[in-house]
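In what follows, a structure is listed as structure tokens, so that the remarks can point back to it.
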Amino acid sequence: MTVPRGKLFLFTGMMSSGGCALVYYLIQKMFSKTSYYQLALEHLHSHPEALEALGPPVSIHYLHLTDRLNFIDIADAQLKIPVSGSNSEGYLYVSSSRDAPFKRWNLQEVFLELKGGQRIPIFKFIGENNDAKE
């Protein structure tokens with residue numbers, strides 16, 4: 001029994017599209033479970049000025065995986081997380097590093113950049129003794 005080529009191409013295309021969508025979803029889930037992502041969101045949610053600028057409720061959106069500002073290697077990670085609220089929208093920029101593979105990630109800087117260009121510093125690592133400025 002042979003399957004007509006049109007049906008075969010249609011079926012293959014649908015399976016490929018579904019597979020790509022699944023991989024995209026799994027990558028998003030992987031990013032959202034990382035410690036630097038979670039720590040950055042905790043700092044955002046505990047920063048009154050940023051929350052007031054965005055307006056309640058604050059929504060966290062999927063990363064733009066094709067954006068060159070989103071990258072991770074063995075020792076460094078940078079993310080540009082889209083966020084929005086009732087007053088404004090923007091991006092939460094996260095910079096994190098670690099001393100060696102499989103070591104704990106340490107936030108270096110987190111800031112919110114709103115659509116109008118306003119920058120709100122949320123967290124900045126300033127010392128070797130795990131001092132931080134919030």
Side-chain angles (χ1 to χ4, degrees):
M1 180 170 103
T2 63
V3 178
R5 285 188 183 164
K7 285 185 178 180
L8 180 64
F9 288 138
L10 178 65
F11 179 74
T12 304
M14 288 176 57
M15 292 301 291
S16 297
S17 298
C20 289
L22 178 63
V23 167
Y24 187 84
Y25 172 78
L26 292 174
I27 290 172
Q28 292 288 344
K29 281 297 198 188
M30 180 190 70
F31 272 117
S32 68
K33 291 181 187 282
T34 59
S35 61
Y36 48 86
Y37 185 96
Q38 292 294 323
L39 285 170
L41 293 182
E42 286 175 21
H43 283 289
L44 173 67
H45 288 297
S46 65
H47 196 278
E49 183 184 354
L51 293 176
E52 183 179 330
L54 288 169
V58 174
S59 298
I60 311 301
H61 304 284
Y62 284 132
L63 296 172
H64 299 206
L65 297 179
T66 57
D67 192 328
R68 292 178 185 232
L69 292 176
N70 292 322
F71 76 90
I72 300 170
D73 63 16
I74 293 173
D76 298 305
Q78 283 193 322
L79 295 178
K80 180 180 168 187
I81 304 170
V83 295
S84 66
S86 59
N87 296 340
S88 187
E89 59 186 30
Y91 292 96
L92 186 67
Y93 290 86
V94 180
S95 178
S96 186
S97 65
R98 60 183 172 186
D99 297 329
F102 307 110
K103 295 280 185 172
R104 187 173 183 269
W105 286 97
N106 300 303
L107 284 179
Q108 298 300 311
E109 183 177 21
V110 179
F111 66 89
L112 175 64
E113 185 171 272
L114 298 174
K115 192 174 185 179
Q118 179 187 5
R119 270 180 92 162
I120 301 172
I122 294 176
F123 175 86
K124 177 119 175 135
F125 180 76
I126 56 172
E128 289 296 319
N129 298 332
N130 290 333
D131 297 332
K133 178 182 179 186
E134 293 192 38

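Just so you know, these numbers come straight off a predicted model, no measurement behind them. In what follows, residues are counted from 1 in the order of the sequence shown.
- Sorted by first and then second residue, the pairs that involve residues 67-98 and meet ring pair (Phe, Tyr, Trp, His ring centres under 6.0 Å), not counting sequence neighbours, are Y93-F111.
- Contact of the V58 side chain with the H45 side chain is registered, since non-hydrogen atoms from C-beta on lie closer than 4.5 Å.
- Shown here are the side-chain contact (heavy atoms from CB on, under 4.5 Å) partners of A40, two or more places apart in sequence or in another chain: L92, V94, V110.
- The nearest pair of heavy atoms linking A53 to S88 is O-CB, 3.6 Å.
- With hydrogens and angles ignored, the 3.5 Å screen pairs a side-chain donor or acceptor of S96 with a backbone N or O of N106.
- Screening residues 87-97 for salt bridge (charged side-chain N to carboxylate O under 4.0 Å, His left out) gives E89-K115 as the qualifying pairs, with residues at least two apart or on separate chains.
- The shortest side-chain heavy-atom distance between L54 and N87 does not fall under the 4.5 Å cut-off.
- Applying the 6.0 Å contact sphere to CE of M15 captures no more than 12 heavy atoms from other residues, nucleotides or ligands.
- Residues in residues 42-62 take part in no salt bridge (charged side-chain N to carboxylate O under 4.0 Å, His left out) pair, two or more places apart or across chains.
- Not counting sequence neighbours, the partners of N70 by the side-chain contact (heavy atoms from CB on, under 4.5 Å) test are L63, D67, L79, K80.
- With rounding to the nearest 0.5 Å, the separation of CD in E109 from CZ in F125 is 12.5 Å.
- Evaluation of the side chain to side chain donor-acceptor pair (under 3.5 Å) rule for Q108 yields S97 as partners, not counting sequence neighbours.
- Taking each heavy atom of P121 and R119 in turn, the nearest pair found is CD-O, 3.7 Å.
- Sequence neighbours left out, the pairs with a member in residues 7-40 that pass ring pair (Phe, Tyr, Trp, His ring centres under 6.0 Å) are Y36-W105.
- For S17, there are no side-chain contact (heavy atoms from CB on, under 4.5 Å) partners, not counting sequence neighbours.
- Here the side chains of T34 and I72 are not in contact, with every heavy-atom distance at 4.5 Å or above.
- With sequence neighbours left out, H61 forms a side chain to side chain donor-acceptor pair (under 3.5 Å) with S84.
- For K103, there are no salt bridge (Lys or Arg N to Asp or Glu O under 4.0 Å) partners, not counting sequence neighbours.
- Contacts classified as salt bridge (charged side-chain N to carboxylate O under 4.0 Å, His left out) and involving residues 18-34 (residues at least two apart or in different chains) are not found.
- Two different hydrophobic clusters hold L22 and L65 under the rule that ILVMFWY side chains link at heavy-atom gaps under 4.5 Å.
- Distance OG/S32 to CD1/I27: 12.0 Å, rounded to 0.5 Å.
- Note that CG of L112 and CD1 of I122 are 5.0 Å apart. Values are rounded to the nearest 0.5 Å.
- Between the side chain of R98 and the backbone N or O of I74 there is at least one donor-acceptor pair closer than 3.5 Å.
- Residues P82 and H64 form a side-chain contact, since some pair of their non-hydrogen atoms from C-beta on lies under 4.5 Å apart.
- Hydrophobic cluster membership for M14: L10 (Ile, Leu, Val, Met, Phe, Trp, Tyr linked by side-chain heavy atoms under 4.5 Å, directly or transitively).
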